[in-house]
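Data block below; observations after.
In the text below, chain A, chain B and the rest are named by the order of the sequence lines, each starting its count at 1.
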Amino acid sequence: MARDTFDKQLGDLKAQVMEMADLAKWMFETGVQSLIDLSDDTADEVLEKRHRLAELDEQIEEDALKLVARQQPMAKDMRAIGAALKLITYINRIGRYGKDIAQITTQWDSETHYSDLVNLPRMVELVHNGLNHVLRCYHEEEDIDLEQLVEWEDEIDALRWSVFRECLTYMAQDPEHIEEYAYYMMIARYLERCGDNVCKMAEKIHYMVEGEHLAIDT
Amino acid sequence: MNAEDLGEELRKGSGELSRRRKTALIGRAVTGLCLAIAVVFLGLLIFDVLRRGLPQLDWQFLTTDVKGFNPETGGVRNAIVGSVYLILITMAVAVPLGVATAVYLEEFAKDNAITTGLQRLVENLAGVPSIVFGLLGLAFFARLMDFGTSLISGGLTLGLLVLPIVVVSTQEALSAVPDEFRNGARAMGATEWQVVKDHVLPAALPGIMTGSILSLSRAIGETAPILFVVSSFIRGVPTALTDGFLALPYQIFYWAQLPSQEVQQMAASAIIVLMALLLTMNGVAVAIRQWSLSRRQW
Amino acid sequence: MSNITVEDLNVWYGDDHALKNINMEIPEGEVTALIGASGCGKSTFLRCFNRMNDEIGVARVEGSIRWKGVDLNGEDVDPVALRRRVGMVFQKPNPFPKTVYDNIAYGVSLNGRGDDDMDQIVETSLEQANLWDEVEDRLDKNALTLSGGQQQRLCIARAVAVKPDVILMDEPASALDPVSTQKIENLIEELREEYTVVVVTHNMQQAARISDKTAHLHLGELVEFDNTDKIFENPEEELTEAYITGRFG
Amino acid sequence: MVNEPLSDRLRAPLAIAVGLLMLGSLFAGCITSDSGGGQANLKQTGSSTVHPLAQAWAQEFTEAEIAVSGGGSSHGRNAILTGNAHLGDASSKMGPGDYDKVGCDVSQDEIDAAQSGPHPWKYPSCNGVTPTEWVVAWDVLVVVVNPNNDWADELSYEQLRQIFTTENTAEKWSEVEGLEDAPDEKIEIHAPDAASGTYEFFFEEVAGHTDKSLLAEGSDRYHGSANDNVILNKITENENAIGYFGLAYYVQNEDKIDTVAISEEGEDFVEPSFETASEYPVTRPLHIYTDGVPSGDDATSQAVKDYMCFAMSEEGQSIVPDVGYVKESDFDPESHSNQQSKVC
């Protein structure tokens, strides 16, 4: 291998992306957890981390652009850096949805949840699985299990609409807690967006690994 | 290494380095001395020639013909003219032939055993003693071709003498021309001949001329090759190629053997004339070289 | 179509097998870049297109290069005539030590177009090479007084002046500064419209910038030949990948 | 502005070359005028002994242009046999060896047979050439010693043989018979080298045809030289030196060196001089060879005829002593008039 320095820099970049992804995953999961527990403390923790997320986003972008300028990457290297630049955008979004959910926790007026959070836990699980799969593929530079991913995505989508309809029904029956049901609908929307971002990540990782562009059509 | 040690090492006159410095000094002294010896002897030689030759070197000496009887009453005019004619013939023979040969060897000839053989032959010819050329000239031009003791015999003999030198120096000038010029012209759709004619030769011309003039200036001072075909006396100057001729170096050689002190001093004067002629030719060569170097931009 | 079709091309220098079974098709009116490590045979390959290998005594070329129904490598092809249709620009700018004007006029008159309006040809060619504005008032100056970049553009002008169909370039910008390099690259971009250009380069980014197709040669073999975008984004061959990402060796 | 195949850089060198050529022709131009047109050009070559005389005659003889060159007697004879010169100078006679060189087989007997009549002597023909020998002057070889040498004013052939040959060799002056009072010093010989015609003639004359065991180069007291100046200088520097060369050379250096009177077996001692030449024993004829007796049929032949006639004329002969040789007309008047009547 003739480009030791460059290879190390590429490795560092990937590690940073992974760090950011882990942070975003933590924010998402912890945000959801804070909601489940209705714990303002946990939610504050998540809100606090958004600065770190933004910092990493900037840092990685800067490092990636430096690499482009200094090393003029070609082929696989070029794709890896291009992918990193795109991935951080998606990762950032996921982190920020975590933050948004935590924010909802802090604004939650009641002491309890309603209707067992409808189907939200199932959606969280699906996003969680998709994200883990995608990140593992990124780390290992393996191709994505697209079929599985599309299945997840389809299910998330379906669940989202089911949450929507359910909440509408509850709102009609129980207008007193219409605000909470609206929050559930928003969260379902956030989770669906997270799933969508996971798919976008998958597309970029597939491009990075295989060199071909792919659009996961859902 | 601490600072003191380093300081010690760097200081002059210590250790191994000073020994080497001494050796270097001795080397310089020895080579300098050799140069001095060479310069001193050359200086003495020139001084002696000037001392003996200058007093009677005047316009009269330059413009009066060589006298066969009582040479001291004559001059060297027709010997100078003979030498100049000789060199013109030599030039006319050796330069076109030599340049053409060099161009062929350098630009056209395939790189095979025959070419290499020819190359070696030419290089070795350049080292053949000049008297051998003299004998060749006598046997071939004077006898076989029946030119006798004539200007043409002398010119052709000298031409043969300098031919290999012209070839070798021209080859050097040609090989100094960057291949870029050749490739550039080839890529424009020039034939090999056009490449040589339009680019290689013009670029190499100053080098060729310098080499040619230097080899001609060697020829003009040669006695041995013309020894058998030169005359020691003619009235006036040759008017035809088959006429006998006088030449400065032979005139010097001949006069130096005559008993009269006066004639021997004339030989010294003639040496000065010959040296002036040589210096002029070399000067022209150097001038061409300088001029072309100042213009050369590749 | 008058693409140039290379079939089973082999070149030997003495015992050295410099090019091995090359098969490819150089598209007309496009820029084809030849890349590869030093000694891979790119320049040798390039020189097959105008038979410059003929000048190297020990070179032996087998196979065919078909262009407009003629095998350029055929016995019956006159290399001199061929070179008038296939121009060449070299790595080191090599204008003749003549005036700017004569540099261009030389090739034109060689091609028997001396009767045309030479002043017009010189102007047009220099304009094509984006050099006219810079040398307009220096036409009678020795070409060697121009800067390296200008000299190289003069060489390109000299090549286009004889109206070839193909222009071969052997690392045309490798001896130049970045600004001059940029100008040469821009120029190649423009030449694409009228000529088939084959360019050898060591500079991968340059190949990526200027060419439509890229061929990667390695140890005399054609490793990969494809659209430039494809080669530099996602090459098929690991060897190519290794070479263009700088992990060759 | 046109395209030039030869670039600008060619111009200056070309100008120089043209300049050189013009300079050359200028020289030629200003000189051709004084060499009259229509004259025959004669080539004369050969013996360096005859050379000064040939030069002097060539200078004074205005009927034709004569180019004179050296090269030695055998070269002169060869030039006649091969037709390379019109006049061949030689200080020694033509022999079978000369014929052999050009591929003719002629014996000494045949040559002797051809030479029964008066001068000029015709030689056997070879390749269409009939060498004809003219005696134009005589060279006197003088034995010379250092001016401080007061013991060897006179030497007999006997004594010369002791000094110069291996016959009863005297290493020192005192060992020479009759010179017992001379210094007990080694004799140093400085004389022409063995390659010269002078050497050959001297030994043949002094030692005779019978005894060829001579001191020569290689002997530690015979110092041969091709240059008479060297011989002269060596002898003037060394009291015990002895040598020989032409009278002509002596005449130009009379104040530096002394001659020795010589006596052939049983004859009187003769001091060498122009006047005593016919009695002095060590003399040799100087020859010019031509192809036959010139007929005057064509311009060249006429020029040769005129030249030989000039050489034999009173004017021509009067130059001979100035060059340092003895007139044929003085030395052998009968032969001289024979030759003159043949050629004029």
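- Using a 4.5 Å cut-off on side-chain heavy atoms (C-beta onward), B:S83 and B:P249 make contact.
- Looking only at heavy-atom pairs under 4.5 Å with chain B, the residue among D:L42, D:N84, D:T45 that has the most is D:N84.
- Between the CD1 atom of B:I271 and the CG atom of B:D48 there is a distance of 9.0 Å, given to the nearest 0.5 Å.
- By number of non-hydrogen pairs under 4.5 angstrom with chain D, the leading residue of B:F228, B:Y254, B:F245 is B:Y254.
- Annotation: maximal heavy-atom pairing with chain B below 4.5 Å, among D:S48, D:A79, D:A248, D:A58, occurs at D:A58.
- Taking OG of B:S215 as the reference point, atom CZ of B:R218 lies at 9.0 Å (rounded to 0.5 Å).
- Residues B:M266 and B:V76 have side chains not in contact (no heavy-atom distance under 4.5 Å, counting atoms from C-beta outward).
- For the pair D:L81 and D:N127, the minimum side-chain heavy-atom distance is 4.5 Å or more.
- Contact of the D:S225 side chain with the D:D193 side chain is not registered, since no non-hydrogen atoms from C-beta on lie closer than 4.5 Å.
- Chosen from D:A54, D:A56, D:P52, the residue pairing most often with chain B at heavy-atom distances under 4.5 Å is D:A56.
- With a 4.5 Å cut-off on side-chain heavy atoms, D:Q44 and D:D89 count as touching.
- Per-residue counts of heavy-atom pairs under 4.5 Å with chain B were compared for D:I66, D:N253, D:L53, D:D228; the largest is that of D:I66.
- Against chain B, the residues from residues 315-327 of chain D that qualify, each with a non-hydrogen atom under 4.5 angstrom away, are D:I319, D:D322, D:V323 in number order.
- The contact between B:Q261 and chain D is made entirely by side chain atoms (from C-beta outward), counting heavy-atom distances below 4.5 Å.
- Looking at B:Y250, only its side chain comes within 4.5 Å of chain D, counting heavy atoms on both sides.
- Considering CD1 of D:I235 and NE2 of D:H190, their distance stands at 7.0 Å, rounded to 0.5 Å.
- Between B:S232 and D:Q55 there is a side-chain heavy-atom pair separated by less than 4.5 Å.
- With respect to B:E72 and B:K67, no salt bridge is recorded, no charged nitrogen being found less than 4.0 Å from a carboxylate O.
- In this structure, D:V102 and D:C126 have side chains that are in contact, with non-hydrogen atoms separated by less than 4.5 Å.
- With values rounded to the nearest 0.5 angstrom, B:T149 atom OG1 is found 10.0 Å from B:D243 atom CG.
- Heavy-atom distances place no part of D:L232 under 4.5 Å from chain B, backbone and side chain included.
- Residues of residues 135-145 of chain B lying under 4.5 angstrom from chain D, judged on non-hydrogen atoms, are B:L138, B:A142, B:R143 in numerical order.
- If you measure heavy-atom distances from D:A85 to chain B, you find no contacts under 4.5 Å at all.
- Of the atoms belonging to B:A256, it is backbone heavy atoms, and not side-chain ones, that fall under 4.5 Å from chain D.
- Using a 4.0 Å cut-off between charged nitrogen and carboxylate oxygen, B:R182 and B:E192 do not count as a salt-bridge pair.
- The aromatic rings of D:F61 and D:Y307 sit perpendicular, their planes meeting at an angle over 60°, well past the 30° parallel limit.
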